[in-house]
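Note that these values count all heavy atoms, side chains included, but never hydrogens, waters or copies made by symmetry. Lettering of chains follows the sequences in order, A, B, ..., and the numbering in each one begins at 1.
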2 protein chains.
Amino acid sequence: MKKYPEVKRYPVAIDCIIFGFDGSEVKLLLIHRGFDPQKGKWSLMGGFVEDTESLDNSAARILKNLTGLENVYMEQLLTFGNPNRDPVERTFSVVYFALIDIHKYEAQLTDNYRPQWFALKEIPKLIFDHSTMVDLAKEKLRVKATHSPILFELLPEKFTIPQLRCLYESVFDKALDKRNFSRKALSGELLVKLKDKEKASSKKGAFYFRLDKKKYNTHFNPANVFGVS
Amino acid sequence: MKKYPEVKRYPVAIDCIIFGFDGSEVKLLLIHRGFDPQKGKWSLMGGFVEDTESLDNSAARILKNLTGLENVYMEQLLTFGNPNRDPVERTFSVVYFALIDIHKYEAQLTDNYRPQWFALKEIPKLIFDHSTMVDLAKEKLRVKATHSPILFELLPEKFTIPQLRCLYESVFDKALDKRNFSRKALSGELLVKLKDKEKASSKKGAFYFRLDKKKYNTHFNPANVFGVS
DNA sequence: CCAAAAGTGTTTAGGGTACACCCATGT
DNA sequence: ACATGGGTGTACCCTAAACACTTTTGG
């Protein structure tokens with residue numbers, strides 16, 4: 001069948017907002033843009049959609065290129081398409097955000113782009129409309145975290161309750177009551193207590209927990225998981 | 001500056017999901033597709049993004065073409081881009097959803113496309129991936145309505161509490177307690193009681209209310225407005 | 001023995017839900 | 001007078017929030 005006549009065509013790109021958690025703060029992975037214009041400036045990781053891949057697959061490919069990671073939590077956020085957002089030519093960008101275990105990342109670093117993690121409060125000026133994308137993603141992360149246990153995607157297999165609380169405090173940028181938090185976290189029945197303790201950050205040591213994956217996968221979507229509302 | 005070399009280019013389209021409320025049910029506006037393939041089949045209203053307009057503007061233009069309405073609540077939902085979603089050629093579709101006052105629409109009907117309103121439970125088979133888009137929009141509407149007073153966009157200037165409740169019942173597809181509902185609706189302080197009554201649907205008559213636009217515009221975004229959670 | 005972080009219970013207030021009767025009026 | 005839908009109030013429960021002390025152990 002003939003192609004649509006008289007229709008303009010444009011490059012379609014993906015940009016990835018990649019969140020990680022280093023144990024005390026949520027961070028964002030940025031790269032140095034690899035080509036002109038604005039070569040060398042801080043940018044989100046991105047790339048053009050290839051001819052045979054879906055948007056989701058394209059985002060996954062781009063994420064893998066940078067981090068080496070597969071099967072990562074990713075979600076489409078929004079598409080940007082202002083006519084002048086890219087000075088080279090009009091380009092549409094479909095923005096994804098990803099949540100990764102920052103420790104797995106560190107093991108598989110490829111640094112062609114000299115990637116770097118930035119704390120949410122110390123994000124530098126970014127090219128084009130990437131700063132807007134990041135702001136939107138931060139807001140989305142908060143909204144989703146309020147209604148679903150999505151933040152577990154940022155944690156390693158084993159983690160402690162204080163680490164978990166710290167993660168929520170970082171995302172919502174406010175202090176949470178230790179007692180109320182741990183009660184809510186444990187009441188969800190998503191956590192399984194392990195025998196061993198994390199001893200690096202206190203003398204007493206904090207018990208490790210892991211996620212009950214079965215319950216996590218079915219339960220995924222209860223309203224207001226840890227009551228950060 | 002030179003264009004990006006070696007990058008494939010694609011048509012980018014908008015599809016609009018248009019919700020209305022006729023006083024007893026939420027409905028969706030569909031059209032007959034105007035060209036091949038699948039000419040004449042039920043479809044969302046759509047069109048290609050033009051060269052100088054933003055995505056938001058393009059969606060607004062397309063909505064206006066069909067409904068005659070401007071300054072309508074619209075929001076970008078998600079972008080679809082599976083390689084084979086359109087059999088003619090690969091096309092990306094940025095989906096928007098709009099909430100309109102169905103009465104204003106009826107006044108300005110243009111019917112080149114023989115548009116028709118369908119109750120949410122009676123939506124026919126749609127072309128391409130449009131059914132998926134609609135499902136997604138229905139879900140999104142519920143989520144947003146749970147956390148913000150967005151459904152007022154579907155109502156006329158003057159409306160009664162029973163009408164409002166009926167709207168929520170239609171969106172959430174469940175019966176809501178009359179007493180609890182009206183208490184919550186009124187406690188929000190978004191509603192202003194008017195002197196006159198709607199007398200068509202009962203002998204006693206129900207008082208009209210209108211939205212306090214000032215409070216609506218500032219307040220917009222309180223959590224869980226009418227507690228349908 | 002002291003510092004530093006982990007862990008744990010109770011009380012209170014507010015919001016959500018369930019539930020039943022009277023009111024106004026057109027016919 | 002009666003049928004129809006509009007409008008209101010109360011009791012209970014559950015969840016969220018506030019709040020302080022004991023435990024463990026490395027140094």
Choose from D/dA17, C/dT8, C/dT17 the nucleotide whose nearest atom is closest to any side-chain atom of A/Arg183. D/dA17

Taking atom C1' of C/dG9 as reference, at what distance in whole Å does atom CZ of A/Phe181 sit? 18 Å

Between C/dA6, D/dG7, D/dG26, which one does the side chain of A/Lys203 approach most closely? D/dG26

Kindly point out which of D/dA17, C/dC19, C/dG7 is positioned nearest to the side chain of A/Ala206? C/dG7

Name the nucleic acid region contacted by A/Lys199, choosing base, sugar-phosphate or nothing; use a 4.0 angstrom heavy-atom cut-off, strictly under. sugar-phosphate

B/Gln163 atom CD is separated from D/dG7 atom C1', nearest whole Å, by 15 Å

Looking at C/dG26, does its base get a donor-acceptor pair with the side chain of B/Lys204 below 3.5 Å? no

Rounding to a whole Å, what distance do you find between B/Lys178:NZ and C/dC23:C1'? 11 Å

Assess the residue pair B/Tyr168 and B/Phe181 against the criterion (ring-ring contact (aromatic ring centres under 6.0 Å, His included)); give the C-alpha distance rounded to whole Å, side-chain angles, the decisive distance to 0.1 Å, and a yes or no. CA-CA 10 Å; B/Tyr168 275 80; B/Phe181 183 87; 5.6 Å; yes

Quick one: does A/Arg179 reach the base of C/dG7 with a side-chain donor-acceptor pair under 3.5 Å? no

Validation row: B/Phe19, B/Glu153 side chains within 4.5 angstrom (heavy atoms): no

Can you measure B/Glu169 atom CD to D/dG5 atom C1' for me and round it to whole angstrom units? 14 Å

How many whole angstroms separate atom CG of A/Asn180 from atom P of C/dA13? 16 Å

Of all the choices, C/dC19, D/dG7, C/dA5, which nucleotide is nearest to the side chain of B/Asp177 once you look at every atom? C/dC19

In whole angstroms, the gap separating P of C/dG7 from CG of A/Leu186 amounts to 9 Å

Measure from NZ on A/Lys197 to C1' on D/dG26 and round the result to the nearest Å. 13 Å

Base, sugar-phosphate, or nothing: which does B/Ser201 touch, judged by heavy atoms less than 4.0 Å apart? sugar-phosphate

For the CG atom on B/Asp196, are there more than 12 heavy atoms of other groups (residues, nucleotides or ligands in this structure) within a distance under 6.0 Å? yes

Should the ring pair B/Phe152 and B/Phe159 be called parallel, tilted or perpendicular, given that the plane angle runs from 0 to 90° and is split at 30 and 60? tilted

Sequence-distant partners of B/Arg85, side chain to side chain donor-acceptor pair (under 3.5 Å), two or more places apart: B/Asp129

Atom CD of B/Glu198 to atom C1' of D/dT4: distance rounded to whole Å? 13 Å

